[in-house]
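Notes follow the structure.
Values below: all heavy atoms of this structure, side chains included; hydrogens, waters and symmetry mates excluded.
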Amino acid sequence: MEAIQSFMERYFVPLVAKINGQRHVAAVRDAFTLSFPLTMGGSMVLLINYVLLDPTGFIAKLLHLGDLIPNLAQYQAVLSSVINGTTNILSIIIAFLVAYQLAQEMGGDKVLCGITSLSSFFILYPLCAGICR
């Protein structure tokens, strides 16, 4: 085990440190760090929706939630829209924050770069949505 750790420290740690120091990678890292509360909230709703409220799920059958809560699938549909909205808002926030963090690193106008990135996102989104489907 010590040989593997020594090998990793010798070859991988310098490479990872060099990649981590690259300003574009750092901007993406910092953007996702700033958006973590939204990611965590969406993840909790996702967990509740698909673990507790799924009528065919293990927990719902174990606790007989279908008998206790009528129309359990309708509650799941409501939370599905919350998950979808959280994911969509997160993509907008990340598009803004990556440019904002990179402008901060490079000493540029942070808000202008963020708005330009957001504008580019909305211009290219219909094209990307058509390709990805």
Minimum heavy-atom distance [X]-[Y], with the two atoms named:
X: Thr86; Y: Gly42; result: CG2-CA, 3.7 Å
X: Ile83; Y: Tyr50; result: CD1-CE1, 4.0 Å
X: Ala26; Y: Asn20; result: CB-O, 4.1 Å
X: Phe122; Y: Ile92; result: CZ-CD1, 3.8 Å
X: Ala27; Y: Leu102; result: CB-N, 3.7 Å

[atom1] of [X] to [atom2] of [Y]: how many Å apart, nearest 0.5 Å?
X: Ile48; Y: Ser43; atom1: CD1; atom2: OG; answer: 11.0 Å
X: Ile115; Y: Tyr100; atom1: CD1; atom2: OH; answer: 11.0 Å
X: Thr33; Y: Leu97; atom1: OG1; atom2: CG; answer: 10.0 Å
X: Leu15; Y: Arg10; atom1: CG; atom2: CZ; answer: 15.0 Å
X: Ile94; Y: Ser91; atom1: CD1; atom2: OG; answer: 9.0 Å
X: Phe36; Y: Leu90; atom1: CZ; atom2: CG; answer: 11.5 Å

Does [X] reach the main-chain N or O of [Y] with its side chain, forming a donor-acceptor pair under 3.5 Å?
X: Ser117; Y: Ala95; answer: yes
X: Asn84; Y: Ser80; answer: no
X: Ser6; Y: Glu2; answer: no

Inset, instruction - Evaluate whether atom CZ of Arg29 has more than 12 neighbouring non-hydrogen atoms of other residues, nucleotides or ligands under 6.0 angstrom away. - result: yes
Legend entry - Donor-acceptor pair between Gln101 and Glu105 side chains, under 3.5 angstrom: no
Applying a strict under-4.5 Å side-chain criterion to I, L, V, M, F, W and Y, I'd like to know whether [X] and [Y] cluster together.
X: Leu47; Y: Leu63; value: yes
X: Phe32; Y: Ile89; value: yes
X: Val25; Y: Val98; value: no
X: Leu34; Y: Val28; value: yes
X: Val13; Y: Ile4; value: no

Inset, instruction - May I ask you to test the Phe12-Phe7 pair for a side-chain heavy-atom distance under 4.5 Å? - result: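 Sidechains of Phe7 and Phe12: in contact.
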